[in-house]
Amino acid sequence: VQLQASGGGLVQPGGSLRLSCAASGSFAYMNTMAWHRRAPGKERDLVAAMPNRGAINYADSVQGRFTVSRDNAKNTLYLQMNNLKPDDTGVYYCSLRSYDAGPFGPPRDYWGEGTQVTVSS
């Protein structure tokens, strides 16, 4: 499985960006795609996770500003980021967790290369 993220860039505070992550290869129907962020000098944290069926999970810091969506026909995950703040700066990674052995078996995790988002005036 390969994940290709795109859409990062430099934006002023209050601006918007849309990230995309295209998945290719073979993975289970039951899966969760997610965005993570590694801010400078910090650990990588979850930003938003979206299973192909089920509830979406957002980090508190992005709730109300970011919207995650997915197009299952295209195996693509999106992250619409509005009202961006300097604290949103970081490398954004997408991931895919594939439940090959069903909901109770060990999943497989795949990661894409990150895309840089810089929020600065």
Side-chain angles (χ1 to χ4, degrees):
V1 175
Q2 291 188 326
L3 302 172
Q4 182 66 51
S6 60
L10 173 64
V11 64
Q12 292 186 341
S16 298
L17 280 175
R18 188 189 194 211
L19 305 183
S20 299
C21 174
S24 60
S26 179
F27 48 89
Y29 173 77
M30 180 179 291
N31 66 77
T32 296
M33 296 185 75
W35 289 101
H36 309 257
R37 173 174 69 203
R38 176 173 284 155
K42 296 185 178 180
E43 298 287 322
R44 185 165 57 188
D45 292 326
L46 177 70
V47 173
M50 183 171 186
N52 63 323
R53 296 180 66 183
I56 296 171
N57 182 32
Y58 289 100
D60 290 343
S61 61
V62 307
Q63 187 79 39
R65 299 188 297 120
F66 291 10
T67 302
V68 67
S69 62
R70 59 189 289 172
D71 184 336
N72 289 326
K74 296 180 179 180
N75 291 328
T76 300
L77 182 73
Y78 303 98
L79 185 67
Q80 178 66 43
M81 304 185 293
N82 297 329
N83 190 21
L84 282 159
K85 303 176 180 180
D87 284 349
D88 296 318
T89 294
V91 180
Y92 284 69
Y93 300 88
C94 68
S95 69
L96 187 150
R97 172 162 285 185
S98 179
Y99 294 89
D100 296 349
F104 305 110
R108 292 193 179 194
D109 289 330
Y110 303 93
W111 291 87
E113 298 293 325
T115 185
Q116 176 71 44
V117 172
T118 302
V119 185
S120 176
S121 55

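All heavy atoms count here, side chains included; hydrogens, waters and symmetry mates do not.
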Chemist: Taking all heavy atoms of S120 and all of P13, pick out the closest pair and write down the distance.
Modeler: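 Answer, listing the atom of S120 first, then P13: C-CD, 3.6 Å.
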
Chemist: How long is the span from the CG atom in N31 to the CG atom in N52, to the nearest 0.5 Å?
Modeler: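 CG of N52 is found 4.5 Å from CG of N31.
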
Chemist: Testing the basics here: between V91 and G114, what is the closest heavy-atom pair and its distance to 0.1 Å?
Modeler: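 Result for this residue pair: CG1-CA, 3.6 Å.
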
Chemist: Just one of D88, N82, N83 clears the side chain to side chain donor-acceptor pair (under 3.5 Å) bar with R65, so which one?
Modeler: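 Of the listed residues D88, N82, N83, the side chain to side chain donor-acceptor pair (under 3.5 Å) partner of R65 is D88.
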
Chemist: Take a 6.0 Å sphere around CZ of R108 and say whether it holds more than 12 heavy atoms from other residues, nucleotides or ligands.
Modeler: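 No.
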
Chemist: For Y110, which fellow cluster members are found when Ile, Leu, Val, Met, Phe, Trp and Tyr are connected by side-chain heavy-atom distances below 4.5 angstrom, either directly or through intermediates?
Modeler: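 Result for Y110 is V1, L3, V11, L17, L19, F27, M33, W35, V47, M50, I56, Y58, V62, F66, V68, L77, L79, M81, L84, Y92, L96, V117, V119.
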
Chemist: Of all heavy-atom pairs between D100 and A28, which one has the smallest distance, and what is that distance?
Modeler: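 Looking at all heavy atoms of both residues, the shortest contact is OD1-CB, 3.6 Å.
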
Chemist: Going by heavy atoms in the side chains, are S69 and Q80 under 4.5 Å from each other?
Modeler: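 No; the side chains remain at least 4.5 Å from each other.
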
Chemist: Answer yes or no: is there an ion pair linking D45 with R37, defined by an N-O contact shorter than 4.0 Å?
Modeler: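 Not counted as a salt bridge, because no side-chain N and carboxylate O are separated by less than 4.0 Å.
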
Chemist: Would you find more than 12 non-hydrogen atoms of other residues, nucleotides or ligands less than 6.0 Å from Q116 atom CD?
Modeler: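 Yes - once you tally the heavy atoms of other residues, nucleotides and ligands closer than 6.0 Å, there are more than 12.
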
Chemist: Can you classify the ring geometry of H36 versus W111 as parallel (below 30°), tilted (30 to 60°) or perpendicular (above 60°)?
Modeler: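 Judged by the thresholds at 30° and 60°, the geometry between H36 and W111 is tilted.
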
Chemist: For atom CD of Q2, is the number of surrounding heavy atoms from other residues, nucleotides or ligands below 6.0 Å larger than 12?
Modeler: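 No, the 6.0 Å shell around CD holds no more than 12 heavy atoms from other groups.
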
Chemist: Quick check: do Y99 and T32 have side-chain heavy atoms less than 4.5 Å from each other?
Modeler: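 Yes, their side chains come closer than 4.5 Å.
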
Chemist: Return the CZ to SG distance between R70 and C94, rounded to the nearest 0.5 Å.
Modeler: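 Here the rounded value is 11.0 Å.
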
